[in-house]
Amino acid sequence: MGKLDGRVAIITGGARGQGESEARLFALEGATVIITDLLAEQGQRVAADIGGTFLRHDVTSEEDWAEVVEATVKAHGRIDVLVNNAGIYRKGNLRNTTLEDYRQVIDINQIGVFLGMQAVAATMIEAKRGSIVNISSIAGILGTPQSIAYGASKWAVRGMTKAAALDLGRFGIRVNSIHPGMIATDMMTEVTDGSDSRFAKMERAVPIGRAAQAGEIASVALFLASDDSSYATGAEFVIDGGITAM
Ligand code: NAP
């Protein structure tokens, strides 16, 4: 028996990286998975592999969110889980970040999560159950270099998660955040400018001595999506190989 048998899960940014890994694991655990992303070809490939559905979706668009929710409810009658995973990183400190870059990061990483939670709330409230998993970062726990916009967006996700948990708890809906550290995905290539030596140097600075694989975040997302975490809400789950313990 799977931990998500009979459940319907929407995973944003599910075409690659951590979102893809979550989609594959959730499907293995019995969920019907709706992968959403801007990357249509990759998203369709993953959806076909796992017997799920791909929907092209820009998380910054309220109309797109309405369509994703409508299509999911029409096809499956319910939404049990939302993983707000889509995100971008733009390198920049206070002095060199343009307003355009700042707004783009906030739009996708912060407003996207707000719109997502708002979009699924009515359906979950009606069902009196649901789990929302918001992917923040250790950049939402600490100050991190070259991350003025990214850090702002991820601190906002951490705060919004708690506010939404307070709001939705009485309806049987749990809302939690995950705070990954250094995860070996395309985003990390951006952080390190594609430099293997910079990547290795960063890995040496992690107490566990390595970057995580995407699956090591997916297993925590599964825990939060499933009834195994039935009493956890408004909480932050730091999965960082010990970085924030320093
Ligand atoms: P990734 O491989 O870059 O995946 C992010 C996915 O989000 C991509 O498929 C991307 O598609 C999609 N996306 C971006 N903007 C979107 C939009 N407007 N609408 C819909 N989808 C959009 O990175 P990842 O590491 O898996 O990141 C997943 C989450 O973990 C992000 O929220 C990230 O901030 C967080 N995180 C990552 C790390 C890390 O070390 N990798 C650490 C802490 C937190 P496009 O290519 O089309 O943009």
Side-chain angles (χ1 to χ4, degrees), residues 10-25 34-47 54-65 67-68 82-91 101 103-116 119 132-142 144 146-147 149-158 160-161 177-194 198-199 202-203 205-206 208 210-218 220-221 236-241 243-244:
I10 297 172
I11 302 176
T12 70
R16 67 174 196 206
Q18 293 174 57
E20 174 183 354
S21 187
E22 285 150 8
R24 291 184 185 280
L25 181 60
I34 317 301
I35 293 171
T36 84
D37 207 302
L38 293 171
L39 299 169
E41 211 177 296
Q42 276 173 262
Q44 273 157 0
R45 205 165 42 234
V46 179
F54 171 78
L55 297 174
R56 197 186 176 282
H57 171 213
D58 179 349
V59 294
T60 68
S61 160
E62 206 172 0
E63 294 74 36
D64 278 13
W65 270 111
E67 282 171 25
V68 166
L82 168 65
V83 183
N84 277 312
N85 163 80
I88 60 164
Y89 174 79
R90 292 283 176 273
K91 182 170 282 190
D101 274 358
R103 284 204 166 119
Q104 191 193 16
V105 172
I106 297 296
D107 254 3
I108 295 172
N109 295 6
Q110 177 178 337
I111 311 275
V113 171
F114 165 71
L115 290 175
I132 299 174
V133 182
N134 293 329
I135 308 299
S136 176
S137 166
I138 55 167
I141 301 278
L142 304 166
T144 45
Q146 296 292 337
S147 304
Y150 188 76
S153 70
K154 294 301 188 181
W155 276 77
V157 170
R158 181 183 175 196
M160 260 194 282
T161 297
S177 55
I178 298 181
H179 300 260
M182 180 185 186
I183 318 302
T185 65
D186 289 350
M187 185 175 286
M188 212 49 228
T189 310
E190 251 176 85
V191 173
T192 56
D193 295 321
R198 201 169 297 168
F199 190 93
M202 283 182 73
E203 278 194 305
V206 179
I208 263 183
R210 63 173 177 84
Q213 296 303 309
E216 294 177 283
I217 302 302
V220 180
E236 46 206 42
F237 293 78
V238 176
I239 312 296
D240 69 347
I243 295 173
T244 55

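Here the structure is a predicted model, which is why all the values come from computation and not from measurement. Start at 1 and go down the list; that is how both ligands and their atoms are numbered.
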**OP:** Would you mind checking which non-hydrogen protein atom is closest to atom 1 (P) of ligand 1, with the distance to 0.1 Å?
**Re:** R16 NE, 3.5 Å
**OP:** May I ask you to check whether over 12 heavy atoms, not counting those of F114, lie within 6.0 Å of atom CZ?
**Re:** no
Original post:
Using a heavy-atom cut-off of under 4.0 Å, does the side chain or the backbone of I108 touch ligand 1, or both, or neither?
Top reply: side chain
**OP:** Report the nearest protein non-hydrogen atom to atom 19 (N) of ligand 1: residue, atom name, distance rounded to 0.1 Å.
**Re:** V59 N, 3.0 Å
**OP:** Within a distance under 4.0 Å of any heavy atom of M188, pick out the atoms of ligand 1 and give their elements.
**Re:** 40 (O)
Original post:
Nearest protein heavy atom to atom 3 (O) of ligand 1: under 4.0 Å?
Top reply: yes
Original post:
Any donor-acceptor pair under 3.5 Å linking the side chain of S153 with the backbone of V105?
Top reply: no
**OP:** Consider ligand 1: state whether an atom of it lies below 4.0 angstrom from any non-hydrogen atom of G181.
**Re:** yes
Subject >> Polar proximity ligand 1 side, N109 side, N/O cut 3.5 Å exclusive >> reply: no
**OP:** Considering heavy atoms of the protein only, find what lies nearest to atom 23 (O) of ligand 1 and give residue, atom and distance to 0.1 Å.
**Re:** M187 CB, 3.6 Å
**OP:** Could you tell me the separation between the CD1 atom of I239 and the CD1 atom of I138, rounded to the nearest 0.5 Å?
**Re:** 11.5 Å
Original post:
How close does the nearest protein non-hydrogen atom get to atom 10 (C) of ligand 1, and which residue and atom is it?
Top reply: D37 OD1, 3.8 Å
Original post:
Against heavy atoms of H57, which atoms of ligand 1 measure under 4.0 Å?
Top reply: 19 (N), 20 (C)
**OP:** Assess whether atom CD of E190 is packed by more than 12 heavy atoms of other residues, nucleotides or ligands within 6.0 Å.
**Re:** yes
Original post:
To which protein heavy atom is atom 5 (C) of ligand 1 closest, and what is the distance rounded to 0.1 Å?
Top reply: G87 O, 3.7 Å
Subject >> Check against side-chain contact (heavy atoms from CB on, under 4.5 Å), I217 and E22 >> reply: CA-CA 8 Å; I217 302 302; E22 285 150 8; 4.0 Å; yes
Original post:
Roughly how far, to the nearest 0.5 Å, is the CG atom of N109 from the NZ atom of K154?
Top reply: 4.5 Å
**OP:** Report yes or no: does K154 have a heavy atom closer than 4.0 Å to ligand 1?
**Re:** yes
Original post:
To which protein heavy atom is atom 25 (O) of ligand 1 closest, and what is the distance rounded to 0.1 Å?
Top reply: T185 OG1, 2.5 Å
Original post:
Rounded to the nearest 0.5 Å, how far does OG of S177 lie from CD of E236?
Top reply: 5.5 Å
**OP:** Pull out every atom of ligand 1 sitting under 4.0 Å from any heavy atom of G13, numbered as shown with elements.
**Re:** 6 (C), 7 (O), 12 (C)
Original post:
Would you say the side chain of M187 lies within less than 4.5 Å of the side chain of Q18, judging by non-hydrogen atoms?
Top reply: no
Subject >> Side-chain heavy atoms of P180 within contact of I135, under 4.5 Å >> reply: yes
**OP:** Compute the shortest N/O to N/O distance between Q18 and ligand 1 and return yes if it is under 3.5 Å, no if not.
**Re:** yes
Subject >> Spacing of Q213 atom CD and T185 atom OG1 [to the nearest 0.5 Å] >> reply: 10.0 Å
**OP:** State, yes or no, whether a side-chain contact exists between D37 and H57 at a heavy-atom distance under 4.5 Å.
**Re:** no
Original post:
Given D240, N134, D58, I239, which has its nearest heavy atom closest to atom 18 (N) of ligand 1?
Top reply: D58
Original post:
Less than 4.5 Å apart, any side-chain heavy atom of K91 and any of D193?
Top reply: yes
Subject >> atom 16 (C) of ligand 1: the protein heavy-atom neighbour that sits closest, reported with distance to 0.1 Å >> reply: L38 CD1, 3.7 Å
Original post:
If we only count heavy atoms from C-beta on, is the V133 to F237 side-chain gap below 4.5 Å?
Top reply: no
**OP:** Write out the residue and atom name of the closest protein heavy atom to atom 13 (N) of ligand 1, then the distance separating them to 0.1 Å.
**Re:** A86 CB, 3.9 Å
Original post:
Is the closest N or O pair between L39 and ligand 1 shorter than 3.5 Å?
Top reply: no
**OP:** Output the list of atoms in ligand 1 that are nearer than 4.0 Å to some heavy atom of G17, sorted by atom number.
**Re:** 2 (O), 26 (O)
**OP:** Number the atoms of ligand 1 from 1 as they appear, then name those within less than 4.0 Å of a heavy atom of S136, with their elements.
**Re:** 35 (C), 44 (C)
**OP:** Would you confirm whether N134, through its side chain, and V157, through its main-chain N or O, come within 3.5 Å as a donor-acceptor pair?
**Re:** no
**OP:** Would you mind listing which atoms of ligand 1 come within a distance below 4.0 Å of any non-hydrogen atom of N85?
**Re:** 28 (C), 29 (C), 31 (C), 32 (O)
Subject >> Y150 heavy atom under 4.0 Å from ligand 1 >> reply: yes
Original post:
Which ligand 1 atoms, with their elements, are less than 4.0 angstrom from a heavy-atom of I88?
Top reply: 14 (C), 15 (N)
